[in-house]
Amino acid sequence: MMINTRSLLEIHLAVILFGAAGLFGKLILLPSAVIVWGRVFFATVFLLCVLISCKQDNIRLNQKKDYILFVVSGLLLVIHWVTFFEAIKISTVAVGLLTFSTFPVFVTFLEPYFFREKIQLRDMITAIITFLGVALVVPSLQLDNNTTQGALWGMMSGFTFAVLSIFNRIYAKEYSSLKIAFYQQMIAAIVLSPFIFYQEPVFQFETILLLALLGVIFTGIAHSLFINSLKNISAQTASIISSLEPVYGIIFAVLLLREVPSLREILGGMIILSAACYATVTSR
């Protein structure tokens with residue numbers, strides 16, 4: 001009982017940290033690509049230290065072709081996080097988190113393609129309900145509207161995360177989650193490095209501190225807590241708790257940034273999260 005309680009506390013803390021990570025899109029006044037570079041750089045250093053401390057000295061991959069596939073997954077991670085922070089920068093933390101939360105619906109449609117499964121009628125109904133929720137969040141279909149742009153970026157982030165989740169599902173049988181995360185974030189850091197020289201951002205001490213916090217605590221430690229909790233709780237329970245990520249994020253945004261979501265956003269968010277939770281549960 002004590003072990004299960006500890007695991008539940010670990011996963012809730014991890015999800016709280018994941019949810020609060022969105023706030024850095026507002027707190028760090030740098031382009032999204034630079035923020036993601038800082039995040040994956042510090043997370044890579046942290047995860048490498050964890051792998052070494054866990055005596056996983058052989059961090060090389062089993063086959064040469066896996067390096068190519070991990071490069072692809074690293075690129076997906078770059079797109080996922082850059083579009084996520086772009087959604088928050090353009091609109092609000094609530095819009096970015098809620099539209100990103102459409103990813104379980106994308107997963108239900110992508111999994112049949114990758115694993116040769118049939119699409120169920122309930123999946124199509126869930127998708128329709130989800131996009132009705134998105135329609136409530138978006139006040140206008142005009143592309144010059146900041147909320148609309150943020151919602152589109154958020155959904156793109158959700159789609160790429162869905163593809164990345166399927167990749168992780170395939171390779172989770174062969175590699176540990178920590179090793180997968182290490183390679184994806186290391187590749188993301190390498191891919192984004194040219195943006196540092198191209199955009200020539202000014203890194204003040206406060207900015208570096210925020211990037212280090214984002215990479216180590218809100219990414220590396222959060223990821224480690226999440227993985228460790230899965231030893232004693234079911235994947236379904238973990239998925240349901242993970243659906244609280246936008247809820248935690250929005251609460252932090254209200255308290256720290258004074259970003260209060262509108263009634264439309266709250267109603268749309270409830271529909272999106274309910275549909276996402278249902279899609280997660282029925283897919284198990």
Side-chain angles (χ1 to χ4, degrees), residues 15-16 18-23 25-26 79-113 119-166 236-255 257 259-284:
V15 173
I16 288 171
F18 286 141
L23 274 66
K26 295 289 189 181
I79 298 171
H80 159 56
W81 271 342
V82 169
T83 52
F84 174 69
F85 281 115
E86 195 66 22
I88 289 172
K89 280 187 172 294
I90 291 176
S91 55
T92 63
V93 173
V95 170
L97 284 169
L98 290 173
T99 51
F100 156 70
S101 296
T102 58
F103 78 87
V105 178
F106 289 121
V107 170
T108 61
F109 280 91
L110 290 170
E111 280 185 333
Y113 176 78
I119 296 178
Q120 302 293 325
L121 177 61
R122 67 169 182 263
D123 296 333
M124 299 182 67
I125 296 174
T126 303
I128 293 171
I129 294 173
T130 300
F131 292 115
L132 285 175
V134 173
L136 274 176
V137 171
V138 177
S140 171
L141 294 178
Q142 296 177 350
L143 292 179
D144 59 349
N145 183 282
N146 286 349
T147 303
T148 303
Q149 291 178 14
L152 291 174
W153 283 114
M155 290 178 67
M156 186 182 297
S157 177
F159 175 77
T160 50
F161 185 74
V163 179
L164 189 63
S165 298
I166 292 173
Q236 181 171 319
T237 301
S239 299
I240 294 172
I241 294 174
S242 297
S243 67
L244 293 173
E245 179 181 335
V247 177
Y248 289 134
I250 291 170
I251 291 173
F252 280 118
V254 171
L255 295 176
L257 303 178
E259 282 190 358
V260 181
S262 66
L263 180 60
R264 284 176 61 102
E265 290 174 353
I266 293 173
L267 292 175
M270 290 174 65
I271 293 173
I272 293 170
L273 295 179
S274 298
C277 187
Y278 175 78
T280 300
V281 172
T282 55
S283 66
R284 298 293 171 182

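Values below: every heavy atom of this structure, side chains too, minus hydrogens, waters and symmetry copies.
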So which atom in F100 and which in S157 form the shortest heavy-atom distance, rounded to 0.1 Å?
CD1-OG, 3.7 Å
Locate the shortest heavy-atom distance separating T99 from V95; write the atom from each residue and the value.
OG1-O, 2.6 Å
Euclidean distance, I88 CD1 relative to W153 CH2, rounded to 0.5 Å:
13.5 Å
How close do G96 and A87 get, heavy atom to heavy atom, and via which atoms?
CA-CB, 4.0 Å
In terms of ring plane angle, is the pair F161 and H80 parallel, tilted or perpendicular, where the classes change at 30° and 60°?
tilted
Minimum heavy-atom distance L97-G249, with the two atoms named
CD1-CA, 3.6 Å
So does I271 get a backbone contact from the side chain of S274, meaning a donor-acceptor N/O pair under 3.5 Å?
no
Separation between CE (M156) and CD (E86), nearest 0.5 Å, reads 10.5 Å
Grab the two heavy atoms, one from E259 and one from K26, that are nearest each other, plus how far apart they are.
OE2-CE, 3.1 Å
Considering only heavy atoms from C-beta outward, does the side chain of L273 approach that of S101 to under 4.5 Å?
yes
Can you tell me how far apart CD (E265) and CD1 (I250) are? Round to the nearest 0.5 Å.
8.0 Å
What distance do I166 atom CD1 and F106 atom CZ have between them, rounded to the nearest 0.5 Å?
11.5 Å
What's the spacing between T148 OG1 and I90 CD1 if we round to 0.5 Å?
11.0 Å
Least distance between heavy atoms, V93 atom then G22 atom:
CG2-O, 4.3 Å
Determine all donor-acceptor pairs shorter than 3.5 Å in which one atom belongs to a side chain in residues 129-139; sequence neighbours excluded.
{"residue": "T130", "atom": "OG1", "partner": "T126", "partner atom": "O", "Å": "2.8"}

First locate atom CG of L98, then atom CE of M155, and finally report the distance between them rounded to the nearest 0.5 Å.
12.0 Å
